[in-house]
Amino acid sequence: MDKGQGGRAAESDGPRMDDTLSNLIGGLSFEERSSNPEWLKEREEAYNSIKAKRQEELEKKVPVAITVKLPDGNELTQNKKGEAYMAWRTSPYDVAATIAQGLADSSVVARVTYSDYASDYSMAEDGVAGENNLMGDSMDEVNASDGEEKEAESVLWDMTRPLVGNVSKLELLKFDSDDEAKTVFWHSSAHMLGEALEHLYGCRLTIGPPLKGGFYYDSYMGASDAFKEEDYKPVEQEVTKIIKKKQRFERLVITKDEALDLFQGNPFKEQIIRTKVPDNTRTTVYKCGDLIDLCRGPHLPHTGRVKAFAATRHSATNWLGDTDNDSLQRMYGISFPDKKMLKIWKENQEKAKERDHRRIAQKQELVMFHELSPGSAFWLPHGARIYNKLISFIRGHYWERGFEEVITPNMYNLNLWHTSGHAMHYKDAMFSFDVEGQEFALKPMNCPGHCLIFAGSTRSYRDLPLRFADFGVLHRNELSGALSGLTRVRRFQQDDAHIFCRDDQIEQEVLASLEFMKSVYN
């Protein structure tokens, strides 16, 4: 089964693209806030035109009887009325309703394993062949070792999307018992948030992925506009309207040219399409209300499944995470299938605030930050005592385990980072500068420095293992919008060590390192 089939809604930071496309592309696609802009109707008209074409294709498909096998081994072939399950007609929702209507109405998404497909089903035609990964969604491959039989792959499938073959295993996933169901639930909620943002402000949507606990949507609002906390309530009220309408999530397969026509006027969607969708292939979009978005899915049956929604915070970011690109506005949200869940979540958030290390650090005068050195902690006297105590604790473990402490420079000629490979893959996250016509950089990690120490003397295999430990100061050029207390900083120190050993010593060194971690954290 092609791994592109039925992309799984996964946590993601969005699409990655060719760096040559990184530039300011937003332009005048957004000029000022405007509710329900005219282009919403134009986009929906284009969608309906494409939908009519796909409907003609669907009418040519031949429904054939299929069998659906449940996880307990029970096989179903017909609904309660005695009507046979048919490819291109019967959905996971229909199968669930055969078992119990309550099951159908509480299941978020299906996990389907096909034993075979209908003869007239084509992945390419269905927009799932290849790897045109639009929203960072992915489908995990089931890998097997050489000589082992490869296990059949499962795929997340919309509850209301017709099945396209015999099913060897159908799992019905619920929000409260499956992490993938939560991901799908929050992915659909992100679409609802996007719809509200378009209605209220006419902003140009970019990407809106699910997270481990919620979701966000990035949107372009020009160079000067930005979200404020005052925007939360209108957004929540608009989403409530969307919930009450019980808008269906519709999946539609489109060609690359159709996609470019559909998203004309949104330069960010256009760039995703040109970069991620190969020529002469198809991809998919999802529609709820008048929102139409590039997406692999799957999604909820309808917006009414969301019973509680809250806008939680906002921040600034950049298109593709590159500060040379357009500035975007990000709004985060959380949602649940039960209002009680949202109430509990808010209570837990308040408790978490009380335990927030930033609040404690300020209250106990441990650490401070200053705008003149963003992301760099100032350790105050009380904090410095804790800091030094931690270093002494780890230093004692190093002595017991045969590590030798070294001190290495803070900056190096960039040639070192070209040799190590960091410059090729990590230079944007390094602080680099000119020194007498040569490029230098502050070290973001200690590894190359320790390698220079090792290479600085002639070594014998009898000298091994050598264990170098370093409390050196490191600097990483994190985006300003990502800085957060001590969890995401630009300047820090870590108990960093590297071991140089022979092949026959690797096992014992790995075991010793695991015992080291166990000793520290236990």
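Quick note: residue numbers are just sequence positions, from 1.
Other residues, nucleotides and ligands contribute more than 12 heavy atoms inside 6.0 Å of the CG atom of Asn348. Atom CZ of Arg33 has more than 12 neighbouring heavy atoms from other residues, nucleotides or ligands inside a 6.0 Å radius. Heavy atoms from other residues, nucleotides or ligands lying under 6.0 Å from CD of Gln264 number 12 at most. By the 6.0 Å contact criterion, NZ on Lys340 is open, its count of non-hydrogen atoms from other residues, nucleotides or ligands being 12 or less. Atom CD of Glu236 has more than 12 heavy atoms from other residues, nucleotides or ligands within 6.0 Å. Atom NZ of Lys256 has more than 12 heavy atoms from other residues, nucleotides or ligands within 6.0 Å. Under a cut-off of 6.0 angstrom, the local environment of CD in Glu347 is crowded, with over 12 non-hydrogen atoms contributed by other residues, nucleotides or ligands.
Taking the six-membered ring where tryptophan is involved, the planes of Phe249 and His299 are essentially parallel, since the angle between them stays under 30° and well short of 60°. In this pair, Trp88 and Tyr121 present their aromatic rings tilted. The plane angle is within the 30 to 60° band. The aromatic rings of Tyr117 and Tyr114 are tilted relative to each other, their planes meeting at an angle between 30° and 60°. Taking the six-membered ring where the residue is Trp, Trp345 and Phe336 present tilted rings, their angle falling between 30° and 60°. Note: Phe268 and Tyr220 have tilted aromatic rings, judged against thresholds of 30 and 60 degrees for the angle between ring planes.
Considering only residues two or more places apart in sequence or on other chains, Tyr332 meets the ring pair (Phe, Tyr, Trp, His ring centres under 6.0 Å) condition with Tyr216. The side chain to side chain contact (heavy atoms under 4.5 Å, CB included) search around Glu75 returns Thr67, Lys69, not counting sequence neighbours. For the salt bridge (charged side-chain N to carboxylate O under 4.0 Å, His left out) test, no residue two or more places apart in sequence or in another chain qualifies with Asp158. Residues meeting the side chain to side chain contact (heavy atoms under 4.5 Å, CB included) test with Thr323, sequence neighbours left out: Asn318, Leu479. For Tyr85, there are no ring pair (Phe, Tyr, Trp, His ring centres under 6.0 Å) partners two or more places apart in sequence or in a different chain.
Within the 3.5 Å criterion, the main-chain N or O of Asn166 finds a donor-acceptor partner in the side chain of Ser115. In this structure a side-chain-to-backbone donor-acceptor pair under 3.5 Å is missing from Ser34 to Pro37. Panel note: side chain Asn266, backbone Leu205; a donor-acceptor pair is recorded below 3.5 Å. Between the side chain of Ser484 and the backbone N or O of Thr487, no donor-acceptor pair lies under 3.5 Å. Side-chain N or O atoms of Ser168 include one that pairs as donor or acceptor with a backbone N or O of Thr113 at under 3.5 Å. Proximity of a side-chain donor or acceptor of His357 to a complementary backbone N or O of Leu486 within less than 3.5 Å is detected. Although no hydrogens or angles enter the test, the distance criterion places no donor-acceptor pair under 3.5 Å between the side chain of Ser49 and the main chain of Glu45. Not one N or O on the side chain of Ser107 forms a donor-acceptor pair closer than 3.5 Å with the backbone of Ala104. Side chain of Arg248 to backbone of His302: no donor-acceptor contact under 3.5 angstrom is found. Using modelled atom types, one side-chain atom of Thr303 and one backbone atom of Ile242 make a donor-acceptor pair closer than 3.5 Å.
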Legend entry - Evaluation steps, salt bridge (charged side-chain N to carboxylate O under 4.0 Å, His left out), between Arg54 and Glu57: CA-CA 5 Å; Arg54 295 298 95 82; Glu57 295 177 2; 3.4 Å; yes
Inset, instruction - Apply side-chain contact (heavy atoms from CB on, under 4.5 Å) to Asp178 and Arg111, showing your working. - result: CA-CA 11 Å; Asp178 189 273; Arg111 186 187 292 126; 3.3 Å; yes
Inset, instruction - Assess whether side chain to side chain donor-acceptor pair (under 3.5 Å) is satisfied between Tyr201 and Asp225, documenting all intermediate values. - result: CA-CA 11 Å; Tyr201 312 122; Asp225 204 346; over 6 Å; no
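A pairwise comparison of heavy atoms in Gly289 and Glu44 identifies O-OE2, 3.9 Å as the closest pair. Nearest heavy-atom pair, Trp157 versus Pro92, reported as atom, atom and distance to 0.1 Å: CD1-CG, 3.8 Å. Taking all atoms of both residues into account, the shortest heavy-atom contact from Ala377 to Val367 is CB-CG1, 3.7 Å. Residues Asp105 and Arg305 come closest through the heavy atom pair O-CZ, 3.0 Å. Contact between Arg490 and Pro374 at its shortest, heavy atoms only, is CD-O, 3.4 Å. Closest approach of Leu193 and Val239 over heavy atoms only: CA-CG2, 4.4 Å.
Taking 4.0 Å as the cut-off between side-chain N and carboxylate O, Lys53 and Glu56 do not count as a salt-bridged pair. Note on Lys269 versus Asp293: salt bridge recorded, some NZ/NE/NH1/NH2 to OD/OE distance being below 4.0 Å. A salt bridge is absent between Lys228 and Glu230: the closest approach of a Lys/Arg side-chain nitrogen to an acidic carboxylate oxygen does not fall below 4.0 angstrom. For the pair Arg330 and Asp218, the salt-bridge criterion is met [side-chain N within less than 4.0 Å of a carboxylate O]. Using a 4.0 Å cut-off between a side-chain N of Lys or Arg and a carboxylate O of Asp or Glu, Asp326 and Arg204 do not qualify as a salt bridge.
Annotation: side chain of Phe309 is not in contact with side chain of Met192 (no heavy-atom distance under 4.5 Å). Taking 4.5 Å as the limit, some side-chain heavy atom of Leu320 sits within range of a side-chain heavy atom of Gln271. Proximity of Leu58 to Gln55: side-chain heavy atoms (C-beta onward) are separated by under 4.5 Å at one or more points. Within the 4.5 Å cutoff, the side chain of Asn477 has no heavy atoms near those of the Asp428 side chain. With a 4.5 Å cut-off on side-chain heavy atoms, Ile272 and Ile207 count as touching. Side-chain contact between Phe263 and Ile292: present, with at least one pair of heavy atoms (C-beta onward) separated by less than 4.5 Å. For the pair Cys203/Gln329, no side-chain contact is recorded, criterion being any heavy-atom separation below 4.5 Å from C-beta on. Proximity of Ile25 to Glu270: side-chain heavy atoms (C-beta onward) are nowhere separated by under 4.5 Å.
Separation of atoms OH (Tyr232) and CD (Gln237) is listed at 15.0 Å; rounding is to 0.5 Å. Atom CG of residue Asp72 and atom NZ of residue Lys169 lie 10.5 Å apart, to the nearest 0.5 angstrom. Rounding to the nearest 0.5 Å gives a distance of 14.5 Å between CG of Leu211 and NZ of Lys182.
Each of Lys61, Arg251, Arg296, Arg282 was scored for a salt bridge (Lys or Arg N to Asp or Glu O under 4.0 Å) with Asp126, with one residue passing: Arg251. A side-chain hydrogen bond (donor to acceptor under 3.5 Å, both in side chains) with Asp356 is found for one member of Arg358, Arg359, Lys353 and no other, namely Arg358. The one candidate from Val108, Val184, Asp179, Leu156 that meets the side-chain contact (heavy atoms from CB on, under 4.5 Å) condition with Leu173 is Leu156.
Among residues at least two apart or in separate chains, salt bridge (charged side-chain N to carboxylate O under 4.0 Å, His left out) pairs with a member in residues 192-201 are Arg43-Glu198.
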